[in-house]
Structure formats: structure tokens, C-alpha cells
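Right, one structure below, let's go through it.
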Amino acid sequence: FRPGRFESHMEPDYLTPEYVAVFARVVKRARELGMDAWLYDEGGWPSGGACGQVAKRDVEGRFRNRRLKPVAGGGCELVAEPYGDFCPYPSMTEPGATETFIGMTHEVLARAMPDDIGKTVRFAFMDEPKMVSAVDWGRTSLGWTSDFDAVFRAKKGYDLRPFAKELLAAGDNVTDDRIAKLRIDYHEVRADLFYERFMLPIRDWCRAHGMISGGHLNGEDVPELTASYGHGDLLRSLRAMDCPGVDVIWRQLFPETPDRVETAKPFPHYASSALHQNGGTFALSESFGIFGDSCTPDQIKWLVDFQMVRGINRFVFGYYAMSNARQWMLLFEPHCGPVVPYWDYEPQLYRYIERSGAFLAEGRPGAEIAVLYDVRGLWAGGADREAATWSHYAVATALDRMNRDYDFVNDESLARAEVTDDGALKVGAMAYRALVLPTSKWISDGARAKVEAFRKAGGVVTDGADLSRLPTTLKMSGRGAPNLRVMSRRDGARRIYLVVNQGRHPLGVEIDFACKGPVARYDTDLDKLVAVPAKDGKAFWSFAGCGSAIFVTDATPDLPAPKARTRKVMELKDGWTLRPLVAHEAGTDDFVIRPLTAEPVPASLGDWRPTLGETFSGQAVYRVAFTSDRERAVTVDLGDVCWCAGVRLNGVDCGKRFFGPFKWDVKLAKGENVLEVTVANLLSTLLGDRAVRARIKAAYPPSTNYEPRHEPADFQNRESGLIGPVRIFE
């Protein structure tokens, strides 16, 4: 796969009978272990080419990419491009191409494991399928199909071919509405073909075999380039999946840090909006593939929360490698598995995701606001595209800061919407009470008619100038409220809210839950509802930096509200020792995890690098002895940790934390107590050694195009250890 870019020594070859037999045995073993297996439908990406084998079988050239090229003297010629040697990919909008792909992959694998398809194998994952590009690099031709002329004429009532030269000459710098309308018609027909000829056949095959179709498209995070990417009408294509998803494999989303501003885009909402309107259960994100090994636990949790509060509830993390040797020492970062020092601490993260995702799938979505994703304005190009882009971002940002939960709709779904007798705008399984049209110049006649009918029925319609008219999701007051994000669910009488502090600083707000019954918080560690002190449906809540909470109203708590421990008993400043336990090192051709037998040395709280070295990656234990005048229940608060910690008190394991706050409720003994804190840091303290990186890259070329993305990150977050202050409260 992609020779010259990724080393690949896979045996047996992809989709050979021997390969299929191995795949089936792996799935059988997964069943025996009580696991699910996903059918990743490609040998790499983009999905649809069977790693070049669809092209190899296409001896007649039926599925070759076709382009319409104006010729000198007038007229156009249709050119079928030859398959290249570099990962040849067919045209997924040519008749029969998708069926051939399904027959070579899905069908072959299904026949090999009839007892597991739809049972152990419940999901199929497609990865970045695409159409032939709309315009070639030289702007000399338009993406076409063998039957595009006839299809376009049937759908639009005129021939597009005579306007090809004008479309190419205008490019994206459109100043003429006539050209803009031609562009919209062209892209809309392409989107129809992608939806009808690729997306639906995949979904229909999965449903016929008891499976859920899912995955993600390409370029969904940059709506301004939607005409350049091959996913057609983004929201429509996502609705053709039972488990629609997004791709966050590099830092398209990232929290504010001291050296960079926050990257916050609304695109996880695209997948969850499609899910909500489908009435389905799962929306996924493929995350972290090349974030770099310096991504801290708090940053990881920030990204998870950022997406969950926008409706994502299932995560596909990259990348647990079958091998970390040779080129793979640097190829995909962050690494995953025992190779990273914090691997033993990650169960807290996975438990948090599993339980939050499941809880936030209960009931039905509570969003009452629909926002137009103006795909036709984006297709139009020129100033219309610019207006659609920036208005899109401005409205999404404003609604986030106003703590409003919302979904996106597109022109096609608006045109098919119903206006109910009680004045709701029904889009699929969702009923909205308000509609925001950031831009609407190019919406279709059918969509415009539904907008007017909704307005006449009493629905709130605004262009974004007066968002205060929109329904309130959850009223929060205080200076920090604009930094909070909220989503809501309705589950019978219960209302469920996920509230996320998107900033890195702690903040407190008053929340008005507008309920008469009790308020509880869902604790993912305990898997219980814990009472929240509330009066008349109002409560004050303090959020840690990058913290979150799931609140539930009108539900009986399982546990009473915990007693706050605020009186400081002592601060453990002196008497600490430090002992390294295990080192993660870069061997000749793979990582080496080396247990250590060093003696403890006196140490102060703070960065351990002066003691253990600039490039020490691994785990070390801090130890301190202190006395208590009596037996008592207390909270041990470690303060700041870089980056994960586990605690033992008097030889008893109190548990591990992947992310903060690093607090444990424990019982002190009368007399002497011994506190041991084991800390794990990041693999980037090793891979951020320029000499180590240079040695690996020289030994195992080629460097991939991912390297410029994650290498700079590995020189960040090098501080390590128990920073403190360590305090005990009762």
C-alpha cells in the first residue's frame, strides 16, 4: 500500500485466500474473547479501490476516472484517465464500480465467516472514499462520468457541456450569478451520484447483513473547501451511514496552550446531526492518529469532551500497532499500548469514554435549534462562498458561547422537512423549534418554501443577527459561562446535560436546571448518580480546567452529595525520596522497556529532570513518611502532576488516575503513614531527543508526510514528575 511512503511487509497479500483465512481466524478468536471486530473495508484508504485490485480487474476500463476537457476550436472531449501505478483508484461514481468493490471485499470476507457477520462483526468502517476531483490541478478539465451528460440533463433539464469552458475559466473566483448557478447544479448532480452509487450501496449491503455502516469522509473539517473534496453534499453523505463519523487524526481540534490559540471548529456536529436526523445510536470520531507523543492526558480528555459535547459517542483511536519496530518507531504518534509509559493508567480514560458515551446515548437528542449548513453557497464560489464560510463559523461560535445545543441541516433536508401541526420543523427524527440561516441566497425553492411555512407556523427563523430569540438549552450565569459548552438529551421525565469547560482555567457558575425534582451528577468512576445540592432547581458548580460534568434532572440519586473536605490538615513538603522504576528507551530497531533497580534518592517536589535526566521516559515513585495524631478520613490532593499518577497509602493500592484532578479519599492511620506516588510521563521526552530522532530516521527511511505534523510537537511538554503541592484535607 502506497509504496515509497509506508513500509509494508504484510504477508499474505491483501484479499488472497490465505489473507481471508487469517482474517476469519482473528474474528473467531475475538468472538471467543467476547470482543467485537470491525470490518475495515479497505487495504488502506481511500475506501473503494480494494488496494488497487478493482482497477486491476477492470480490464475494459469501465471504472476509470473520466474528465471533460474543452478542445481548441470549440467543443469538448471526454477522456478516460489511465490507472496509475501509485495506489490506482477507480471512479466510485461510475455504474457498477461500488458493486465490484463490495463483491471483492465485503462479500469475500462475509463468506469466510458466516457465523460472525452481523454478530461478532457488527460494524463496517469506510475511510475517506471520494469522487474524481471536480477540477484538475491545471484547471483544464472537469470531473465527469461516462453517463454524466444524460444524468445531468434528466435532473436539471439542460446540457452542461457547452458551459464547461466558462466554468473552468471562472474557477472559484465567481463574480457572475449565472456561473454560480451552473457551479451549484454541477456539484449537486455529482453529489447525487456519490450518494446514490457509492454511499447507499455500502449502507444497504451492511443492513442486509445485520451490520452498521460507518466511517468518515475526507475534508469534513474545512467546509470552505467542500467543492474540492470528493464527498459530495457532506451532510447528505453522512446521513447515508448508520454510524456517521469525522476524522481528527491531526490537530484540527486542540485546546489553548501557553504557546498557541485554541483550535475549535464545529465539524463533530456534522456527524452527530446526521445521526440525530437518522434516529440512530452511534456517531464516531477517528482521533489521535498523528497528534504526536507529547499530547498530554488533559489534552486528550479535552479532545474527547470537545467532541462528546457536540454529539460524538464512539471513538476509534489510532494507533495500537502490531509492531513499533523500524519505521514504526516514528510513523504514527501518539503511540498506544505498553510502549507508552502511561499505558497502565489509561483504563480511567477508557472507562470515562465508555460510560459517558453509553449514558449520553440514552433517550433522544434535546437540540431544538437547526442551523443551515449552506452547501449551495459553498458550491457557488466567490464572495458567496466566503460569506457562507465565515457566517457558518460565526454562528457556530456564538451558539457555543451562548450555551445553546444545536444541529446542522442542509438544503436537501430542509426541502424534505415537514412542518407539524404544533409548529415544529421535522427533519427526519428531529423536531426543531428554531432555524438559523447564516446565509440563504442560494437555497432551493423547495427549501425556501419550507422555511416560510415554518415561519408562518410560529417557528423562530433568524439570519444570525438576533440569536437571543433562540430556545435556551441550559441557563448558566457567571463570568465563565461563555467558556462552557452544553448538549442535552431527553429521557422520559429526565433531562441529561453534558457541560464541558473548554478553557484550561477553573471556573464556577450558577446553573438553572429549570426543574422541580432533584438534580444529580453521573459519576463515571462509580457508575452511579450522585446528588447535587440544588435549591429551586439551581446549583453552583465549580469546573476544573478542561473539566466536565454530566447532570441529570428529575432522577433519584443513587448516592448523597459527598461532604466537601476543605480544612487543610497538612502539606507534605519535605522528606520525599524519588526512585525510577522503569525506563522506555529507543533500541537499535525497536523500543526497549527496561525495569530499573536504582536506590531512592532525596528529592524535592517538582520537575524530575534534574534528577533523572532530560530524556528519561518512564515511571518513577515518590515516597514520604508523615504522622497523624489520629485515625481519620481525608482527601489526598497531589496538586499538579506531569502526567499520570497512582497512589499507595501504607502499602494499600488506592488507584490510578490518567487525568486530574489527582485526588483520593483515603483513611490515615494513627501514627506513622507512608505515602507512595508513582508518576508516569510521556514518550515524547524520549522522542523529543533530536539525536534519537535523527538516528531512527536515518536508519529507516522514508519519512512520511506525517512527520512535519507530529515531530514539532514532540519537543513540547517535557516537564515530568510530581509537581504538587501535595496536601491533605478533611
P506 to N501 - nearest heavy-atom pair and separation: CA-ND2, 4.4 Å
Carboxylate-amine/guanidinium proximity below 4.0 Å for K301 and D305: yes
Smallest separation among heavy atoms of L238 and P244, with atom names: O-CB, 3.4 Å
Distance (rounded to the nearest 0.5 Å) between M308 CE and L303 CG: 10.5 Å
Worked verdict on R236 versus M199 for side chain to side chain contact (heavy atoms under 4.5 Å, CB included): CA-CA 10 Å; R236 190 182 186 200; M199 298 301 300; over 6 Å; no
R489 side-chain N/O to Y497 backbone N/O, donor-acceptor pair under 3.5 Å: no
Proximity of Y186 and F163 rings by center, below 6.0 Å: no
Step-by-step side chain to side chain contact (heavy atoms under 4.5 Å, CB included) determination, V499 to M476: CA-CA 10 Å; V499 183; M476 293 183 280; 3.9 Å; yes
Approximate separation, where rounding is to 0.5 Å, of N483 CG and E262 CD: 8.5 Å
Short N-O contact, R385 and D172, less than 4.0 angstrom: yes
Side-chain heavy-atom pair V371, D407 within 4.5 angstrom cut-off: no
Over all atoms of both residues, closest heavy-atom pair of W302 and L253: CZ3-C, 4.0 Å
Neighbour count above 12 (heavy atom, 6.0 Å) for K426 NZ: yes
Under-4.0 Å salt bridge between D523 and R521: yes
Note, R239 side chain near Q277 side chain (heavy atom, < 4.5 Å): yes
Distance-only polar pair, side chains of S47 and E128, donor-acceptor under 3.5 Å: no
Salt-bridge present (D192, R197; N to O < 4.0 Å): no
Check ion pair K156-E188 (N to O, under 4.0 angstrom): yes
Those residues that, when tested against R190, pass side-chain hydrogen bond (donor to acceptor under 3.5 Å, both in side chains) (two or more places apart): none
Lys/Arg N to Asp/Glu carboxylate O, R494 vs D491, below 4.0 Å: yes
Ring centroid separation F454 to Y432 under 6.0 Å: no
Interatomic spacing from CD1 in I369 to CE in M430 - rounded to 0.5 Å: 11.0 Å
Crowding at CG, D422 (>12 non-hydrogen neighbours, <6.0 Å): yes
Sidechain N-carboxylate O distance under 4.0 Å for E166, R178: yes
Donor-acceptor contact below 3.5 Å, side chain E362 vs main chain L360: no
Heavy-atom pair with the smallest gap, counting every atom of S440 and R448: O-NH2, 2.9 Å
Side-chain (D411) to main-chain (S444) donor-acceptor, under 3.5 angstrom: yes
Step-by-step side chain to side chain contact (heavy atoms under 4.5 Å, CB included) determination, L470 to V436: CA-CA 9 Å; L470 301 176; V436 184; 3.8 Å; yes
Geometric class of the Y270/H392 ring pair [parallel <30°, tilted 30-60°, perpendicular >60°]: tilted
Atom of T473, atom of N403 and distance for their closest heavy-atom approach: CB-O, 3.5 Å
Atom pair CG (D233) and OH (Y373), whose distance is rounded to the nearest 0.5 Å: 8.0 Å
Heavy-atom check, side chain of W379 versus side chain of R183, under 4.5 Å: no
Note, V151 side chain near T145 side chain (heavy atom, < 4.5 Å): no
Sidechain-backbone polar pair: K450 side chain, A415 backbone, donor-acceptor under 3.5 Å: yes
Closest heavy-atom pair and its distance - H269, S272: O-OG, 3.2 Å
Carboxylate-amine/guanidinium proximity below 4.0 Å for D242 and R203: no
Residues, nucleotides or ligands: over 12 heavy atoms within 6.0 Å of D536 CG: no
Ring geometry between Y522 and F359 (parallel below 30°, tilted from 30 to 60°, perpendicular above 60°): parallel
Test log, rule side chain to side chain contact (heavy atoms under 4.5 Å, CB included), inputs N278 and M241: CA-CA 9 Å; N278 282 348; M241 299 184 197; over 6 Å; no
Distance-only donor-acceptor check, side chains D384 and W442, under 3.5 Å: yes
Atom NZ of K265 with >12 non-hydrogen neighbours under 6.0 angstrom: yes
Close side-chain approach of Q307 and F315, heavy atoms under 4.5 Å: yes
Heavy-atom check, side chain of L160 versus side chain of R153, under 4.5 Å: no
Donor-acceptor contact present, side-chain R139 to main-chain V135, <3.5 Å: no
Test item: side-chain donor near acceptor, N410 and S413, under 3.5 Å: yes
Expected output: side-chain D374 to main-chain G377 donor-acceptor under 3.5 Å: yes
Donor-acceptor pair, side chain of S287 and main chain of I249, under 3.5 angstrom: no
Between D185 and Y158, a side-chain donor and acceptor under 3.5 Å: yes
Ring center gap for W541 and F551 short of 6.0 angstrom: yes
Sidechain-backbone polar pair: K155 side chain, G157 backbone, donor-acceptor under 3.5 Å: no
Listed partners of F282 passing ring pair (Phe, Tyr, Trp, His ring centres under 6.0 Å), at least two apart: F123
Side-chain donor-acceptor pair present, T296, D298, cut-off under 3.5 Å: no
Main-chain N/O of V552 paired to R495 side chain as donor or acceptor, under 3.5 Å: no
From CZ (F148) to CG (L142), nearest 0.5 Å: 8.5 Å
Donor on one side chain, acceptor on other, T93 and Y195, under 3.5 Å: no
Below 3.5 Å, can you tabulate the donor-acceptor pairs from side chains in residues 218-226 to any protein atom, sequence neighbours excluded?
unit_1	atom_1	unit_2	atom_2	d
E220	OE2	D247	N	2.6
E224	OE1	Y393	OH	2.9
T226	OG1	H231	NE2	3.1

Expected output: side-chain T462 to main-chain G464 donor-acceptor under 3.5 Å: yes
Rounded distance [0.5 Å steps], CG in L372 versus CG in D463: 12.0 Å
Lys/Arg N to Asp/Glu carboxylate O, E412 vs R416, below 4.0 Å: yes
